[in-house]
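What follows is one structure encoded as structure tokens, with my remarks underneath.
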2 protein chains.
Amino acid sequence: MAIGPDFPKFPTSKSQPWQSLGPGKEVGKMVGGAEKWVMMVTAQTPTNIAVIKYWGKRDESLILPVNDSISVTLDPDHLCTTTTVAVSPSFDRDRMWLNGKEISLSGGRYQNCLREIRSRASDVEDEENGIKIPRKDWDKLHLHIASYNNFPTAAGLASSAAGFACLVFSLAKLMNVKEDQSKLSAIARQGSGSACRSLYGGFVKWIKGRDEDGRDSLAVQLADEKHWDDLFIIIAVVSSRQKETSSTTGMRETVETSLLLKHRAKEIVPKRILQMEEAIKNRDFTSFAQLACADSNQFHAVCLDTSPPIFYMNDTSHRIISIAEKWNRSEGMPQVAYTFDAGPNAVLIARDRKAATLLLQRLLFYFPPSSATDLNSYVLGDKSILKDAGIEGIIDVEGLPPPPEIKDSIPTQKYKGDVSYFICTRPGRGPVLLSDKSLALLNPQNGLPK
Amino acid sequence: MAIGPDFPKFPTSKSQPWQSLGPGKEVGKMVGGAEKWVMMVTAQTPTNIAVIKYWGKRDESLILPVNDSISVTLDPDHLCTTTTVAVSPSFDRDRMWLNGKEISLSGGRYQNCLREIRSRASDVEDEENGIKIPRKDWDKLHLHIASYNNFPTAAGLASSAAGFACLVFSLAKLMNVKEDQSKLSAIARQGSGSACRSLYGGFVKWIKGRDEDGRDSLAVQLADEKHWDDLFIIIAVVSSRQKETSSTTGMRETVETSLLLKHRAKEIVPKRILQMEEAIKNRDFTSFAQLACADSNQFHAVCLDTSPPIFYMNDTSHRIISIAEKWNRSEGMPQVAYTFDAGPNAVLIARDRKAATLLLQRLLFYFPPSSATDLNSYVLGDKSILKDAGIEGIIDVEGLPPPPEIKDSIPTQKYKGDVSYFICTRPGRGPVLLSDKSLALLNPQNGLPK
């Protein structure tokens with residue numbers, strides 16, 4: 001298997017049409033060998049964070065949004081889903097394991113993705129192992145899928161976006177689907193709306209589209225991750241005592257009851273999309289930050305305008321915003337943008353590495369780890385920034401001075417334990433195939449989880 | 001002094017015009033006696049809570065709002081301002097004391113109210129004490145003002161609304177201003193916007209008006225407090241660690257930066273005002289509650305849509321909303337409406353006394369007093385409802401069972417200490433004069449605070 005970093009090519013397809021096996025007959029073919037082969041592909045797909053938010057569907061089952069959205073793809077080294085998909089004539093049904101636990105594939109979202117991908121399958125030949133699968137056989141062959149997030153699934157970090165993107169991407173490679181990433185994104189969208197934006201690295205726009213069948217509701221890349229590589233991202237995973245409204249339920253209730261959503265979707269977001277595209281194109285951090293913060297706040301405003309109201313941010317989220325706003329104001333220009341999805345976690349996008357260092361000092365000053373937590377499990381991801389911030393251990397956190405912008409406001413309160421941990425990361429690349437077979441999540445002999 | 005409960009008449013004015021004293025001469029006259037008299041009036045004015053919110057001015061100095069609002073006046077027995085205003089030729093300048101402490105009257109808001117009231121003064125004769133003040137003399141006579149809130153000023157309970165309403169009402173009585181309550185409300189409005197709604201009892205609408213000079217931006221009574229006397233109100237004064245944005249600053253920033261406010265003010269509120277008037281007229285609690293809750297949430301939504309965002313509600317506020325929403329849903333129709341002003345305190349309006357009893361049980365279950373607080377200082381106002389709720393002491397609070405609507409959600413968390421205290425009250429009457437001279441806050445001999 002060959003792996004390119006961005007648009008990897010998978011098993012070369014043959015142009016000659018192959019004859020399909022009739023129903024009831026054994027499908028797929030191992031040239032001159034036993035019939036119990038397993039063919040596998042493993043891929044890794046990033047998560048993403050919207051900076052112009054998606055909130056509200058115009059079509060629930062096709063997952064068509066009421067407005068365009070724009071996201072930043074996060075570095076898969078720190079936040080990604082790895083998925084292995086396998087096909088074998090020996091599988092008797094489609095099965096899936098998420099983080100090692102078997103889950104049902106009967107839901108409409110999985111079924112939609114599987115159906116759409118299967119309908120686009122092509123002939124596949126694995127010359128090395130002498131396996132041939134004619135296009136028509138994909139309808140009869142069953143799949144095993146194993147997926148793993150390198151971050152806590154329940155932490156509200158867009159695991160479903162990375163998950164469905166990875167499912168669709170890896171299946172497309174396995175089945176030799178010849179459509180481009182954008183077309184694949186329209187399939188991933190049917191699994192989870194924001195998944196379509198995880199088919200690309202860098203800066204991605206999900207165009208809401210106009211067609212009733214949703215074929216033009218897909219993602220396009222605005223710029224790759226190298227375009228604006230100054231940016232640095234710190235995610236604060238916030239401790240929460242509240243059970244949150246799922247985003248599916250939440251956005252349905254907002255569409256049904258908010259009197260502000262329609263105005264936002266029709267009048268406000270279209271202008272912001274153009275402004276955000278311009279800001280990204282020009283690497284204009286001031287505009288980028290103003291737009292991202294305002295749009296995050298407006299998304300939470302329409303949640304609050306829902307009946308019953310939806311609260312995703314909590315007091316800790318509010319405090320993080322205040323810290324960022326106060327600092328930005330004192331500097332005279334934004335050093336950090338904040339954005340919050342359907343939960344209390346803050347995604348903080350710093351102007352550059354230096355700003356991220358100063359930000360981390362502020363965050364650790366206000367939110368030191370609780371006594372039982374060691375720094376190594378409190379600051380995750382790219383820990384190199386800790387050293388820049390002069391922090392090697394808890395004692396350095398305790399010694400952090402109050403940020404200069406609050407020097408007159410006394411006493412300064414600290415909020416130990418209100419943040420579970422931080423993840424330091426950056427904008428990152430899109431999906432990739434993993435050539436290292438040892439990284440596969442399924443056993444190559446029987447197609448079951450390792 | 002005669003006192004009527006609602007529209008009290010004060011010192012009978014004489015129709016004959018009196019001669020004014022020229023500048024520099026001694027003003028006012030004690031018939032056949034010494035010149036060092038002090039004439040005083042004491043009044044009591046309620047606070048009010050908006051159920052369709054005022055947020056945003058179209059004119060900052062005249063305090064003209066961007067939309068109409070509707071409020072419920074709260075029973076002054078539990079929440080009111082008492083103000084004594086005194087005039088005497090011996091006073092050498094205007095002075096004011098708030099809760100016993102002298103404060104400056106130099107601010108524009110006080111100056112506007114004093115100027116407007118003085119310009120409408122009439123001849124006054126106190127026959128009993130033989131004092132005559134010709135209309136023209138009011139410009140030269142100085143005033144002493146003492147004001148006292150029967151509730152904590154800093155608790156975010158609309159003290160400025162009751163305060164400015166009481167200032168204007170009592171001065172109007174002292175100076176024999178002949179304009180009706182509505183005209184007075186337009187003066188109080190220039191002290192604090194929502195003060196105009198405290199000139200009436202019951203249910204009050206502040207009409208935003210159209211004139212540039214603000215003369216038609218005034219309050220009218222929709223119904224008096226007897227019209228719908230089933231309603232019962234519980235205020236949760238919520239403990240807060242945050243310093244809040246003042247409503248003056250907050251609404252200015254919302255007007256300047258929120259893209260949703262204009263849509264709310266122009267398209268949404270006008271319809272809600274009509275619906276709320278109808279709900280009040282028909283004592284339709286279901287509509288009343290839905291409108292009040294939705295409008296409170298939308299007000300906080302536009303605060304969140306402000307840049308930088310404004311958060312008035314905190315996690316405790318959110319929890320109170322969740323408790324109310326869950327209970328309302330389980331009953332199939334609203335039992336309680338909630339509304340929050342520019343702070344975390346909840347004002348909960350119960351359908352009737354029985355609903356208020358059930359509500360208080362729920363509130364005390366989730367928010368028991370902290371160990372150091374005794375029940376008597378935790379539930380204030382009309383404590384009679386405690387008995388209905390079967391609660392005579394802390395032990396009864398501890399014994400409260402979880403509300404039936406949450407019987408399946410375990411474990412139930414409690415939030416001891418998150419509420420400072422509750423005030424039980426009802427819709428109430430408008431301003432009244434207090435005839436009992438012992439209630440005056442100024443000494444009748446020297447016009448200084450008692």
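Owing to the predicted nature of the structure, the values given are computational and were not obtained by experimental measurement. Chain A is the first sequence line, chain B the second, and so forth, proteins listed ahead of strands; every chain is numbered from 1.
Of the inter-residue distances, the one linking A:Arg319 atom CZ with B:Asn314 atom CG reads 8.5 Å to the nearest 0.5 angstrom. Atom CD1 in B:Ile310 sits 11.0 Å away from atom OG in A:Ser322 (nearest 0.5 Å).
A:Arg272 places a side-chain heavy atom less than 4.5 Å from the side chain of B:Leu259. A heavy-atom distance below 4.5 Å is found between the side chains of B:Ile321 and A:Pro309. Looking at heavy atoms from C-beta onward, A:Val302 lies out of side-chain contact with B:Asp305 at the 4.5 angstrom threshold. B:Leu260 places a side-chain heavy atom less than 4.5 Å from the side chain of A:Ile268.
Contact count against chain B (heavy-atom pairs under 4.5 Å) is highest for A:His263 among A:His263, A:His300, A:Met313, A:Arg329.
Contacts between A:Glu325 and chain B at a heavy-atom distance below 4.5 Å involve the side chain alone, from C-beta outward.
Minimum heavy-atom separation, B:Leu304 to A:Asn297: O-CB, 3.2 Å.
Classified by interplanar angle (parallel below 30°, tilted 30° to 60°, perpendicular above 60°), the ring pair B:His318/A:His318 is perpendicular.
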